[in-house]
Amino acid sequence: MSVPTGSAPPLTAPASASAEWERKPKTIDANLKDYRAAASTFNWKEVEREFDWSRTGKVNVVHEAVDRHAASRRKHKVALFYTDFERRDEQYTFQDLKVLTSRFAHGLTRLGVKRGDRVATFLPRTPELYIAILGIHRIGAIPVPLFEAFMEQAVLDRLGDSEALACVTTPTLKERIPLDKLPALQHLVLVGGAGSLGTKEVSYQQLIEGSPDWCEPAWLTIDDGLIIHYTSGSTGKSKGALHRQYAMVGHYQTAKWALDLRDDDRFWCTADPGWVTGTSYGIYGPWTLGISSVVIGGRFDPERWYQTIQKYRVTMWYSAPTAYRMLMSAGEAVARRYDLSSLRHICSVGEPLNPEALKWIKKITGLAPHETWWMTETGMQLICNYRSEDFPIGSTGKPFPGTYSTVVDDQGRELPPGQLGHLVVKPGWPSMMQSIWKNPAKYQEYFRIPGWYISGDTAYKDAEGFIWYQGRSDDVIKTAGERVGPFEVESALVAHPAVAEAGVIGKPDEVRGQIIKAFIALRKGYQPSEQLKQEIAEFVKTHLAAHAAPREIDFVEKVPKTRSGKIMRRVLRAWDQGLPVGDTSTMEE
Ligand code: 6R9
């Protein structure tokens, strides 16, 4: 889709306009001390030397993230601090992770899982989720993490497309896995459930208890699969971004320079491993560096979040704008009840961080969250504000050293400062996705402007080289930081008996960034009512996922479409905002 390239930046005020935000030079003990120098001299080959595989030629991320620390002075260092504030409060050292992931790996082998097979995880955020993912790596299989919030349709789409051979889940979540529609799925490993070897269901505990403490990793190459993350585009069902083992090079270095992680840090990445942030920076980045990570279970709760920082003396905090805004709406008094003084650095990801939320976090912690821009497909952070660098408030940042992101027009020509265009990346950064699972045509779409990876975002650059994110050029929705494809929601909506047609857009929202809004034409015989709206929203909640359910529904006579039958979401957005619909010459009669 083309964007009105070359026009003036429409949204963000220049940084200098913000009187409250004084830009000061930083003098800081950051890992990345001199951005300019690094940007001109840095070479990824130097980072490869940090990994054992650069000497041995034997590649497996579990060796670099767990085993080599368990064989070092970090053996008894806590890798994972975990609490759910109710039943569980646990710690796992690198040595513990080595043993548990070894046992789990043996268990998978006994089930017949082999190198290259896909194994899904469909679990709440618990230590078992992390052990399972690393155990899957140990045998060279490919994890496919699913959000706990997914309902049957979402689970079916992802397990079906990846042809997962096994799924690690719980007795409760298992109910949402339609086994009869998933011929490739041979095994369910149940955490906290019964079952035995030789049947379709086997208990996780049994696998762990009956297995030896050491399982040598399957030795892979840097091009072998690391993980598949499903994510949404503007058309079609969600697609699986396949990453390769080499991605660890990117995770490691960005965790070092953008997150600024140090050996003595307590790092809290608040993301679930169902989202790329929860693996790239909840697993691979911190653990290849040998850093202690904090994970909490349960739902979002402002008190618990502050309590987490206080309880674990969290030093580095990586979260998303919606969470920062939700903390903001819980008020300052709540924040002041907790000791947040352990923090030394904060980063943000997933959507643009608005200046109000940034300033508020700065007010309660003394630290301004630093932006990190990237995508499921990019695997690692690519545009960031760095701890040692001053930055204008509201800017997305500058390209990570050794990578190049910029703004181009429809032909791929770089645009001068201040002009809006496509945000693109020069291909070849370490954790670029390797393919879209079983869908080479989709993969090619990202490269339709020759020489560039097209993000789908629009942005401009300023005279100092800062990139300013401006929005999406397609219909992808970001709600509370989660990427939702309108097609997936529309498909769920039209499965409801009352719905004839549905069109879905992201509507701007102060807290969630965007909310999902649906325009629905009803079938004959159905009358619009508030109750029907609720029923339809509930239907999406129980079939797809709660976060994918429309928070607003408008009933319309007809959903606007082009003559070729494509939903005109541009018209829906105009309707929603009460704006003129513009050119409708391509609209069907
Ligand atoms: C990691 C992740 C990717 C899309 C991306 C963009 C938006 C992410 C952002 C940001 C503004 C930031 N996005 N980080 N927008 N500022 N710092 O978010 O992956 O879920 O695939 O989403 O999210 O629109 O294109 P994913």
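Whatever order the structure lists ligands and atoms in, that order sets their numbers, starting from 1. For clarity, every value in this text was computed on a predicted model and none was experimentally measured.
- Under a 4.0 Å N-O distance rule, the pair Asp34/Arg36 does not qualify as a salt bridge.
- Atom numbering of ligand 1 starts at 1 in the shown order; those under 4.0 Å from a heavy atom of Thr376 are 19 (O), 20 (O), 21 (O), 26 (P).
- Every atom of ligand 1 with a heavy atom of Glu371 under 4.0 Å away is listed here by number and element: 12 (C), 16 (N), 17 (N).
- Between the choices Gly481, Ala320, Ser280, Gly350, the shortest heavy-atom distance to atom 7 (C) of ligand 1 belongs to Gly350.
- Residues that satisfy the ring pair (Phe, Tyr, Trp, His ring centres under 6.0 Å) test with His243, not counting sequence neighbours, are absent from this structure.
- Residue-to-ligand polar distances place Arg472 within reach of ligand 1: an N/O pair is separated by less than 3.5 Å.
- Near Thr372, the atoms of ligand 1 lying under 4.0 angstrom from a non-hydrogen atom of the residue are 12 (C), 14 (N), 17 (N).
- Among all non-hydrogen protein atoms, the one lying nearest atom 11 (C) of ligand 1 is Pro352 N, 3.2 Å.
- Both the sub-6.0 Å distance and the 45° axial angle are satisfied by Lys426 relative to the ring of Trp452.
- Among protein heavy atoms, atom 22 (O) of ligand 1 sits closest to Lys478 NZ, 2.8 Å.
- Residue contacts with ligand 1 for Trp374 involve both N, CA, C or O and side-chain atoms from C-beta outward (heavy atoms, distance under 4.0 Å).
- At under 3.5 Å, not a single nitrogen or oxygen of Glu377, backbone or side chain, sits near a nitrogen or oxygen of ligand 1.
- Contacts of Met375 with ligand 1, taken as heavy-atom pairs under 4.0 Å, involve both backbone and side chain.
- Each side-chain hydrogen bond (donor to acceptor under 3.5 Å, both in side chains) pair with one or both residues in residues 285-300, not counting sequence neighbours, would appear here, but there are none.
- The number of heavy atoms from other shown groups lying within 6.0 Å of CZ (Arg344) is above 12.
- Annotation: cation-pi pair Arg158/Phe150 present, NZ/CZ under 6.0 Å from the ring centroid and within 45° of its normal.
- Between the side chain of His229 and the backbone N or O of Gly379 there is no donor-acceptor pair closer than 3.5 Å.
- The shortest N or O to N or O distance between Thr396 and ligand 1 is not under 3.5 Å.
- Annotation: cation-pi pair Lys461/Phe466 absent, no NZ/CZ under 6.0 Å from the ring centroid and within 45° of its normal.
- For ligand 1 and Thr277, the ligand atoms under 4.0 Å from any heavy atom of the residue are 1 (C).
- For ligand 1, the polar-atom distance check against Asp457 finds a nitrogen or oxygen pair separated by under 3.5 Å.
- Looking at Asn31, its side chain never comes within 3.5 Å of a backbone N or O of Arg262 through a donor-acceptor pair.
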